[in-house]
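What follows is a set of notes on a single structure, which appears directly below.
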Amino acid sequence: MDLNSASSVVLQVLTQATSQDTAVLKPAEEQLKQWETQPGFYSVLLNIFTNHTLDINVRWLAVLYFKHGIDRYWRRVAPHALSEEEKSTLRAGLITNFNEPINQIATQIAVLIAKVARLDCPRQWPELIPTLVESVKVQDDLRQHRALLTFYHVTKTLASKRLAADRKLFYDLASGIYNFACSLWNHHTDTFLQQVSSGHESAVLSSLERTLLSLKVLRKLTVNGFVEPHKNMEVMGFLYGIFERLKQFLECSRSIGTDKACRDRLEKTIILFTKVLLDFLDQHPISFTPLIQRSLEFSVSYVFTEVGEGVTFERFIVQCMNLIKMIVKNYAYKPSKNFEDSSPETIEAHKIKMAFFTYPTLTEICRRLVSHYFLLTEEELTMWEEDPEGFTVEETGGDSWKYSLRPCTEVLFIDIFHEYNQTLTPVLLEMMQTLQGPTNVEDMNALLIKDAVYNAVGLAAFELFDSVDFDQWFKNQLLPELQVSHNRYKPLRRRVIWLIGQWISVKFKSDLRPMLYEAICNLLQDQDLVVRIETATTLKLTVDDFEFRTDQFLPYLETMFTLLFQLLQQVTECDTKMHVLHVLSCVIERVNVQIRPYVGCLVQYLPLLWKQSEEHNMLRCAILTTLIHLVQGLGADSKNLYPFLLPVIQLSTDVSQPPHVYLLEDGLELWLVTLENSPCVTPESLRIFQNMSPLLELPSSCLANELSSENLRTCFKIINGYIFLSSTEFLQTYAVGLCQSFCELLPEITTEGQVQVLKVVENALKVNPVLGPQMFQPILPYVFRGVIEGERYPVVMSIYLAVMGRVLLQNASFFSSLLNKMAHEFNQEMDQLLGNVIEMWVDRVDNITQPERKKLSALALLSLLPSDNRQQLCCCGEITQGHNEAGAGGICVSSLTLSAFSVPQLALKDPVHTVSLQQFIYEKLKAQQEMLGEQGFQSLMETVDTEIVTQLQEFLQGF
């Protein structure tokens with residue numbers, strides 16, 4: 001592509017590609033796609049996006065196409081790869097000028113330079129880093145900023161490479177430029193601080209931006225650029241200096257003014273300082289050891305003393321707490337149980353921690369966490385009143401503990417209390433002791449303090465197991481507090497029922513459960529919505545507990561279920577409805593069939609809720625879970641739900657519908673339990689099976705993983721369910737398509753996948769021995785070959801023999817036609833091939849572990865008698881091995897592990913369950929004797945191994 005002649009053409013097409021008119025846009029995109037592989041195209045794009053006189057949208061689009069081209073065509077081995085000559089020209093052009101005036105385009109250019117650097121630096125692009133280092137020194141503000149921006153993105157990209165050779169290159173790079181990066185950062189930082197102190201507000205933001213970018217570069221170099229950073233004086237000098245710099249920047253917040261952009265940038269820089277420390281601690285805990293004391297002193301002083309008043313902000317406090325938590329919990333700082341086995345570095349770090357966390361320090365941290373950070377704030381109380389459901393979501397962990405203050409303080413409390421429980425348990429017990437008895441409802445501060453202490457007692461439940469007589473406390477203190485109905489007491493009612501939920505699985509006598517259930521019934525009628533929602537949560541924890549007893553719960557079931565249903569109707573937020581539905585599901589699951597008298601209202605409401613939740617797939621997942629437990633509880637009566645249930649299953653398992661991404665797993669489970677609880681298959685439920693074929697049509701590259709997934713296992717259970725419930729109608733309708741899917745799957749899938757497929761075939765043959773072999777005829781040669789070739793996986797060979805045995809035993813004429821077909825394929829006589837099959841069968845019979853299949857093999861091979869084939873007679877003796885007297889009379893139906901669908905009526909039609917093996921052998925040998933005559937039979941028996949004859953005689957004693 002000639003640059004001069006092509007530039008105007010490409011520019012015109014790029015302009016068209018920015019059009020809002022699809023008639024103009026689509027042809028332009030097609031043309032650009034065709035040019036992607038043309039030599040010179042990216043040189044034209046470079047000229048366009050570096051021409052600042054052109055339209056911004058056109059330049060933006062040119063940058064994006066250039067960036068995508070790097071991903072697709074820059075590597076040497078890529079199809080239509082760029083030539084080395086063009087790449088060399090492009091690399092030079094990209095770093096000629098750092099003067100892009102538009103921020104968004106400048107960022108994209110920096111990113112694409114970094115992408116090229118990832119592939120080419122330093123070997124093919126040794127001049128990149130020196131050019132960037134020189135460019136960040138220039139005095140021009142724009143050029144300096146753009147070079148620094150590029151420097152950051154290049155450093156970030158190179159730091160992310162993980163191959164050993166790439167890591168070595170980055171270590172070399174970091175060692176070479178670290179001193180310069182530190183000097184650069186110090187220069188920009190000092191400039192910023194001077195401008196703040198002298199009141200140069202107009203220059204502060206620009207200077208702060210450079211400080212931030214240079215600190216980002218240093219972060220990547222410090223964390224990723226050294227194997228043993230504690231041995232590098234420059235690195236440790238930078239890290240030691242962070243604490244003083246942090247103090248300076250925090251003080252700047254007092255004088256930075258009200259400029260929001262500047263304050264946001266300042267806070268972002270302060271947070272970046274803490275990220276450097278956190279990242280370094282995470283990646284190099286041993287190298288961090290010299291920084292432990294300084295980090296703890298700094299964080300504790302700003303978070304738990306008056307030092308931080310007026311300068312700290314929430315995200316900074318969260319970061320400091322995370323730093324304390326990571327030091328407290330760090331495995332590298334914990335000595336072994338045998339102290340002498342610990343490394344010197346670990347012992348040193350442990351000693352530093354112990355020296356810092358003295359009794360006064362720990363006590364102050366604990367008291368401050370509880371009495372200050374655990375207190376409900378005015379903002380939270382206002383949210384409680386104005387948006388109770390939103391308050392509940394926030395309180396139950398809507399945000400990650402790493403970024404939100406309340407969960408972060410609670411996690412820090414848990415970790416410190418666990419680590420230093422012997423020191424802190426008396427402190428918390430003392431705080432509890434001062435709060436005994438009722439609290440004045442007019443004293444809001446006292447109520448909030450008690451709420452905070454109760455929060456701490458709940459969080460530390462496991463640590464307080466031996467120190468708190470919770471049963472007595474429940475009866476004497478907590479239960480009476482739940483009965484205080486005053487509106488101002490609602491924070492404590494909510495906290496107490498939450499607290500009980502935390503202790504229920506730790507220490508709570510079973511005899512007290514009825515008292516708790518009575519309290520829950522009352523609280524589910526509380527005037528405050530937050531209290532009712534929290535009560536529902538505790539109810540879920542109670543019924544989930546392993547000491548839950550249905551008999552204790554049943555007297556309260558109707559009341560609780562009714563009140564939970566009313567709560568479900570009242571709440572409006574998707575998250576809250578999901579939560580209440582999960583509680584209802586747990587209740588239904590635990591009481592099972594006992595729920596039947598009370599579910600009418602819920603059954604009527606769920607279709608409406610399903611319709612209302614069309615845009616809320618996660619809520620629909622909760623509805624599906626509830627339906628699963630409902631169907632299990634209702635059993636066969638769930639057929640009354642079919643008008644609603646079956647369309648729900650249809651939608652949830654239809655891969656052509658977008659919601660299936662969210663609903664498929666639960667939808668398949670609902671489909672399965674619906675079949676398991678169905679007395680028969682209706683035409684409507686049979687029609688749903690149309691969804692199954694696409695579920696089995698997976699790309700071959702995904703099969704190995706997909707077929708081991710729970711979803712695919714559920715699919716096979718569903719298929720088996722249809723076979724057991726309605727074999728004839730199901731096989732006539734779907735077997736051809738199902739067989740075609742199986743034939744495509746079998747050569748590609750894992751061993752587990754093959755077993756799952758062939759179990760379906762085995763069940764079809766078992767339930768319908770006439771139609772089954774016909775419907776799955778294309779698969780049987782595959783099985784036959786597996787037997788002849790001696791499949792090496794025992795579990796697969798076992799299922800092969802089971803399939804062969806079913807055909808041979810229950811449809812001998814079909815087996816004969818199959819044998820004839822395979823004899824032609826193997827170019828053998830039928831008798832010869834049958835002999836080979838029998839020989840392999842007897843040789844590999846030990847692969848069969850299930851009693852049912854062992855007996856099946858015996859019956860199948862014996863069904864070949866009478867015969868003049870000595871080999872077949874020999875197999876009779878060998879195949880009886882392992883069948884004792886009890887097993888000889890037939891396998892009792894109740895002794896087998898049957899599936900949910902294998903009802904005894906089906907077993908009674910199965911010869912494996914109805915035919916006595918002992919009787920069968922006797923009859924077959926007698927027929928053999930009649931065919932050969934007494935003398936011929938004796939002659940044949942004399943050729944059989946004497947051990948086998950003895951086994952037969954012992955097995956047939958009594959006949």
Side-chain angles (χ1 to χ4, degrees), residues 754-755 758 761-762 765 773 779-883 912 917 920-921 924-925 927-928 931-932 936-937 939-953 955:
Q754 292 177 29
V755 171
L758 292 173
V761 179
E762 179 193 11
L765 300 175
I779 291 177
L780 297 178
Y782 177 89
V783 174
F784 201 106
R785 291 185 205 100
V787 173
I788 285 293
E789 293 166 5
E791 165 63 43
R792 62 193 181 97
Y793 290 108
V795 66
V796 179
M797 189 62 167
S798 174
I799 192 74
Y800 281 170
L801 295 177
V803 171
M804 290 279 284
R806 284 291 171 188
V807 178
L808 176 57
L809 178 63
Q810 296 182 256
N811 197 329
S813 62
F814 191 91
F815 181 82
S816 179
S817 64
L818 175 64
L819 184 64
N820 183 47
K821 177 181 177 181
M822 299 310 295
H824 281 92
E825 180 178 317
F826 284 95
N827 197 25
Q828 294 181 16
E829 294 295 326
M830 287 178 61
D831 284 349
Q832 180 188 359
L833 183 60
L834 179 59
N836 293 338
V837 169
I838 293 172
E839 184 178 350
M840 182 61 70
W841 202 322
V842 173
D843 182 61
R844 300 295 293 276
V845 75
D846 288 340
N847 289 166
I848 305 172
T849 56
Q850 299 96 323
E852 179 182 8
R853 286 184 179 162
K854 275 184 176 290
K855 184 176 178 182
L856 171 62
S857 284
L859 292 173
L861 288 173
L862 286 165
S863 70
L864 293 169
L865 298 180
S867 168
D868 57 3
N869 189 314
R870 172 183 167 277
Q871 184 186 31
Q872 294 177 23
L873 184 60
C874 291
C875 82
C876 298
E878 292 189 31
I879 209 72
T880 58
Q881 287 181 319
H883 288 280
V912 174
L917 180 59
F920 196 67
I921 292 177
K924 287 294 182 180
L925 289 179
Q928 184 75 37
M931 186 186 83
L932 298 177
F937 183 73
S939 298
L940 181 61
M941 292 299 290
E942 288 172 4
T943 66
V944 179
D945 187 277
T946 55
E947 185 179 346
I948 293 176
V949 173
T950 303
Q951 288 176 354
L952 282 170
Q953 289 172 344
F955 192 74

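This one's a predicted model, so the numbers in the text were calculated from it and none came from an experiment. We use all heavy atoms of the structure for the numbers below, so side chains are in, but hydrogens, waters and symmetry mates are not.
Rounding to the nearest 0.5 Å places CG of Asn820 at 12.0 Å from CD of Glu825. Put simply, CG on Leu801 and CD1 on Ile848 are 4.5 Å apart, with the number rounded to the nearest 0.5 Å. From Leu861, atom CG reaches atom NZ of Lys924 across 11.5 Å, with rounding to the nearest 0.5 Å. Note that the CD1 atom of Ile921 and the CG atom of Leu925 stand 7.0 Å from one another [nearest 0.5 Å]. To the nearest 0.5 Å, the span separating CG on Asn811 from OG on Ser816 amounts to 10.5 Å.
Side chains of Ile779 and Leu758 form a contact here, defined as non-hydrogen atoms less than 4.5 Å apart. With contacts defined as side-chain heavy-atom distances shorter than 4.5 Å, the pair Val837/Met804 qualifies. Put simply, the side chain of Arg806 reaches to within 4.5 Å of the side chain of Leu856, judged on heavy atoms.
Between Arg844 and Glu789 there is no salt bridge, since none of the side-chain N atoms of the basic residue sits less than 4.0 Å from a carboxylate O of the acidic one.
The local environment of OH in Tyr793 is sparse, with at most 12 non-hydrogen atoms from other residues, nucleotides or ligands closer than 6.0 Å.
Ser863 places a side-chain N or O within donor-acceptor distance of the main-chain N or O of Ala860, the cut-off being under 3.5 Å. Proximity of a side-chain donor or acceptor of Lys854 to a complementary backbone N or O of Thr849 within less than 3.5 Å is not detected. A donor-acceptor pair is defined here as one N or O able to donate and one able to accept, closer than 3.5 Å; such a pair exists between the side chain of Thr950 and the backbone of Thr946. Not a single donor-acceptor pair under 3.5 Å links the side chain of Ser867 to the backbone N or O of Leu864.
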Worksheet entry | From CA spacing to verdict: side-chain contact (heavy atoms from CB on, under 4.5 Å), Tyr800, Gln754 | CA-CA 10 Å; Tyr800 281 170; Gln754 292 177 29; 3.9 Å; yes
Practice prompt. Could you go through the side-chain contact (heavy atoms from CB on, under 4.5 Å) check for Leu808 and Phe814 one step at a time?
Written response: CA-CA 8 Å; Leu808 176 57; Phe814 191 91; over 6 Å; no
Item to complete: Any chance you could lay out the side-chain contact (heavy atoms from CB on, under 4.5 Å) test for Val787 and Met797, step after step, and finish with the verdict?
Response: CA-CA 7 Å; Val787 173; Met797 189 62 167; 4.2 Å; yes
Practice prompt. Applying side-chain hydrogen bond (donor to acceptor under 3.5 Å, both in side chains), run through Asn836 and Gln828 and close with a yes or a no.
Written response: CA-CA 10 Å; Asn836 293 338; Gln828 294 181 16; 3.1 Å; yes
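Of the candidates Val803, Leu833, Val807, Leu833 is the only one forming a side chain to side chain contact (heavy atoms under 4.5 Å, CB included) with Phe784. When each of Ile799, Val796, Val783 is paired with Glu791, the side chain to side chain contact (heavy atoms under 4.5 Å, CB included) condition holds for Val796 and for no other.
Between Leu765 and Gln810, the closest heavy-atom pair is O-OE1, 4.1 Å. The shortest non-hydrogen separation linking Gln928 to Pro866 is OE1-CA, 3.0 Å. The shortest heavy-atom contact between Ser857 and Trp841 is OG-NE1, 3.0 Å. Minimum interatomic distance between Phe937 and Leu932 (heavy atoms only, all atoms of both residues): N-CB, 3.8 Å. Contact record, Met830 with Ala823: CG-CB, 3.9 Å, taken as the closest heavy-atom pair.
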